[in-house]
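Worth knowing before you read on, the calculation uses all heavy atoms, side chains too, and leaves out hydrogens, waters and symmetry mates.
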2 protein chains.
Amino acid sequence: MHPIQTQMLKRERQAFIMKQINLHNRILSADLGLMLNVSEDTIRRDLNELAEAGELVKVHGGALSKSYHYDYAPSTTYALSEKTVIAQKAATLIEDGMFVILGGGTTVRELARLLPVDLKATFFTISLTTALQLCDHPTIDVIFLGGTLVKNSQISVGGEVISRLNEIKADLCIMGTNAIDTECITDTDLEAVQVKKAMIKASKRSAVVTISEKLGSTQKLQVCELSDIDYLVTDLPADAPQFLGYRREGLVIL
Amino acid sequence: MHPIQTQMLKRERQAFIMKQINLHNRILSADLGLMLNVSEDTIRRDLNELAEAGELVKVHGGALSKSYHYDYAPSTTYALSEKTVIAQKAATLIEDGMFVILGGGTTVRELARLLPVDLKATFFTISLTTALQLCDHPTIDVIFLGGTLVKNSQISVGGEVISRLNEIKADLCIMGTNAIDTECITDTDLEAVQVKKAMIKASKRSAVVTISEKLGSTQKLQVCELSDIDYLVTDLPADAPQFLGYRREGLVIL
DNA sequence: AATTTTATTGCAACTTTTTGCGGATTTGAT
DNA sequence: ATCAAATCCGCAAAAAGTTGCAATAAAATT
């Protein structure tokens with residue numbers, strides 16, 4: 001970032017600012033002052049004008065691009081469209097007559113919502129909201145695995161659930177995750193981890209559904225090795241480069 | 001976990017926090033402080049602002065995603081004002097330290113919604129929606145009695161629930177009913193009736209909550225005799241003439 | 001070209017915002 | 001009940017923003 005010595009017209013300067021904003025999505029007034037060799041007061045006036053004109057968003061300390069993702073949508077589920085894609089792919093794993101264990105999380109709930117209407121299968125779940133969603137389906141059987149409820153995530157945990165899971169031999173288990181990297185699936189809550197372990201143990205095959213943003217993240221508690229799961233379902237196409245390091249024998253990426 | 005960045009704008013920092021929240025559903029202030037290289041005080045201020053704006057839920061130690069919060073839709077409940085009155089009366093039966101079994105139905109759910117915020121008690125329930133409502137309470141413990149779910153009433157039934165109930169000795173059981181007359185409590189669904197019987201057996205005392213409209217009605221399956229219950233809670237004042245024939249030794253009408 | 005008019009810029013004094021820190025207080029778990 | 005972690009509170013310093021104003025530059029006018 002070298003200061004630009006030649007005297008600039010206001011128009012040019014503002015054009016330069018916009019270029020920086022579009023390039024970096026953000027800019028500090030102080031940096032601009034240095035780059036353009038004008039006082040910060042001038043920069044601030046420029047930014048205010050550009051903000052007035054709706055070209056950018058002025059914030060304390062600088063400005064942000066209008067396209068910057070600072071406007072969160074609170075009421076709607078985060079990354080819903082991605083989750084819908086994932087849910088549709090995961091739904092293909094379920095066949096008539098199967099016994100399926102479902103975990104918690106919004107992605108799994110979305111899956112429960114998108115089950116084919118003529119599906120005939122038996123579902124076990126530990127999530128209140130997933131269970132409610134499953135109750136809307138006309139032909140499936142739903143069994144809730146009771147236990148102590150975790151308030152934040154609205155799933156049941158504890159010895160009760162785990163001993164019940166130990167009695168089950170399901171065909172498939174589908175769960176979300178907090179974090180996944182090339183080595184293992186990790187999570188933040190000890191109780192939830194224990195239940196997830198039991199879910200995997202209780203199923204012939206296990207699927208992990210997750211938005212691709214979580215690929216490469218790690219949390220403190222390990223659920224299982226990546227090799228312990230059979231299907232990885234994300235919003236990416238199966239041949240996406242992001243799966244480098246995830247591919248291995250016995251793991252199907254959907 | 002994340003690289004340290006130079007001079008981040010507040011808005012950027014908050015956007016980062018929201019992304020973490022949406023990604024992992026929960027986040028610790030300490031971790032955020034480390035990731036963003038700012039003091040925990042700053043993080044806490046950010047979290048409070050975001051909570052103020054309704055973007056997340058602030059909790060001790062960090063924050064939670066808002067997407068896990070039961071949004072109660074009161075407008076759809078029939079005779080809500082009556083049920084609110086009933087719920088408030090029934091709530092007086094519950095004291096700190098109690099073990100309470102709650103059944104299904106909108107009146108009981110309304111009760112769950114109106115529990116005093118500082119109540120410390122343990123609740124067992126068979127209803128998904130009641131359980132979700134209970135999850136919003138800060139200090140109570142909630143245990144879901146799992147089983148086969150009945151789709152339209154969203155409660156769990158079956159041998160599973162009943163054998164679990166047989167292991168419980170609660171202080172109080174609160175249930176709604178389909179019909180009540182001067183002789184007995186009756187209902188329409190065999191499975192639900194069996195669970196209710198087990199609930200009563202598992203509790204020292206039992207309360208029936210119902211809107212006064214149902215007084216004098218009868219269904220095909222008997223849950224119990226009127227003498228088997230200890231409290232009858234309706235929207236009427238305790239001395240209302242409608243209770244003629246209901247009054248007896250050991251039955252408190254609220 | 002000279003002059004008036006208008007706009008832009010930097011500066012100084014002052015206000016507001018943001019942030020980190022010490023210490024008191026509350027909370028949650030044991 | 002006890003104890004460490006988390007929170008709250010007030011404060012002070014640094015950073016950013018605001019305002020008025022004079023100096024200067026650009027534009028318009030004669």
Side-chain angles (χ1 to χ4, degrees), chain A residues 3-18 20-21 26-53 56-64 70 148-153 157-158 188-192 194 220-221, chain B residues 4-17 20-21 26-53 56-64 96-97 117-122 135 137-142:
Chain A
I4 293 162
Q5 295 296 341
T6 46
Q7 184 60 35
M8 252 182 162
L9 258 48
K10 193 168 87 150
R11 257 182 267 131
E12 303 180 65
R13 205 176 48 229
Q14 295 194 350
F16 179 85
I17 292 174
M18 282 315 297
Q20 291 297 312
I21 281 282
R26 70 186 281 272
I27 195 75
L28 304 178
S29 306
D31 289 350
L32 280 173
L34 247 68
M35 281 191 270
L36 296 168
N37 202 34
V38 290
S39 78
E40 282 187 50
D41 290 273
T42 303
I43 296 296
R44 259 191 295 278
R45 277 187 272 246
D46 283 340
L47 293 181
N48 282 331
E49 277 181 35
L50 290 167
E52 193 85 13
L56 48 73
V57 179
K58 176 83 186 75
V59 296
H60 194 98
L64 296 171
Y70 67 92
T148 306
L149 294 180
V150 178
K151 286 176 189 158
N152 318 330
S153 50
V157 297
T188 52
D189 185 80
L190 180 59
E191 298 272 26
Q194 289 173 335
K220 308 216 167 109
L221 301 169
Chain B
I4 297 154
Q5 193 160 348
T6 55
Q7 180 64 6
M8 220 174 180
L9 296 166
K10 192 170 87 153
R11 207 59 167 283
E12 290 184 280
R13 206 177 47 226
Q14 296 189 348
F16 178 87
I17 292 173
Q20 291 299 311
I21 282 282
R26 72 184 259 207
I27 191 80
L28 302 176
S29 307
D31 289 348
L32 282 173
L34 241 60
M35 280 191 266
L36 296 168
N37 204 34
V38 291
S39 77
E40 279 186 55
D41 287 274
T42 301
I43 296 294
R44 225 170 284 116
R45 276 185 274 245
D46 282 339
L47 293 181
N48 284 330
E49 274 181 38
L50 291 167
E52 194 84 13
L56 49 73
V57 179
K58 176 83 186 71
V59 294
H60 194 93
L64 302 172
D96 272 9
V117 281
D118 59 337
L119 179 70
K120 286 172 190 66
T122 303
C135 278
H137 193 286
T139 56
I140 63 173
D141 292 320
V142 191

Worksheet item: Does the side-chain contact (heavy atoms from CB on, under 4.5 Å) test come out yes or no for A/Asp189 and A/Ser153, once each step is laid out?
Response: CA-CA 10 Å; A/Asp189 185 80; A/Ser153 50; over 6 Å; no
Note to self: Before you tell me yes or no, could you show the steps for B/Arg26 and B/Val59 under side-chain contact (heavy atoms from CB on, under 4.5 Å), namely the whole-Å CA-CA distance, both residues' side-chain angles and the distance that decides it to 0.1 Å?
What the structure shows: CA-CA 10 Å; B/Arg26 72 184 259 207; B/Val59 294; over 6 Å; no
Letter by letter from the 5' end, nucleotides 19-30 of chain C scores (B base, S sugar-phosphate only, - none; protein heavy atoms under 4.0 Å) BBB-----SS--
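When the C1' atoms of four end pairs are superposed on the next four at each end of the helix from C/dA1-D/dT30 to C/dT30-D/dA1, using five pairs per end, the two resulting axes differ in direction by 40°, to 10°.
Proximity of A/Lys58 to the phosphate of D/dA16: no side-chain N or O atom is located under 4.0 Å from OP1 or OP2. Using a 4.0 Å cut-off, no side-chain N or O of B/Asn48 falls inside it from OP1 or OP2 of D/dT7.
With respect to the salt-bridge test (charged N to carboxylate O, under 4.0 angstrom), the residues A/Arg45 and A/Glu49 do not qualify.
Across B/Ser29 and B/Leu47, no two heavy atoms sit closer than the pair OG-CD1, 3.6 Å. Minimum heavy-atom separation, B/Leu36 to B/Arg13: CD1-CG, 3.3 Å. Residues A/Gly61 and B/Leu9 approach most closely at C-CD2, 3.7 Å, considering heavy atoms.
A distance-only check finds a donor-acceptor pair linking the side chain of B/Asp96 to the backbone of B/Lys120 [under 3.5 Å].
As a whole-Å value, the separation of A/Gln14 CD from C/dA7 P is 15 Å. Taking atom CG of residue B/Leu47 and atom C1' of nucleotide D/dA6, one finds them 12 Å apart after rounding to whole Å. The CZ atom of A/Arg44 sits 17 Å away from the P atom of C/dT15 (whole-angstrom rounding). One interatomic measurement links the two molecules: CZ of A/Arg11 to P of D/dA26, which rounds to 12 Å at whole-angstrom precision.
Shown are A/Val57, A/Leu56, A/Ile21; of these, the side-chain contact (heavy atoms from CB on, under 4.5 Å) with A/Leu50 is made only by A/Leu56.
B/Gly33 comes within 4.0 angstrom of no nucleic acid atom, judged by non-hydrogen atoms across all strands.
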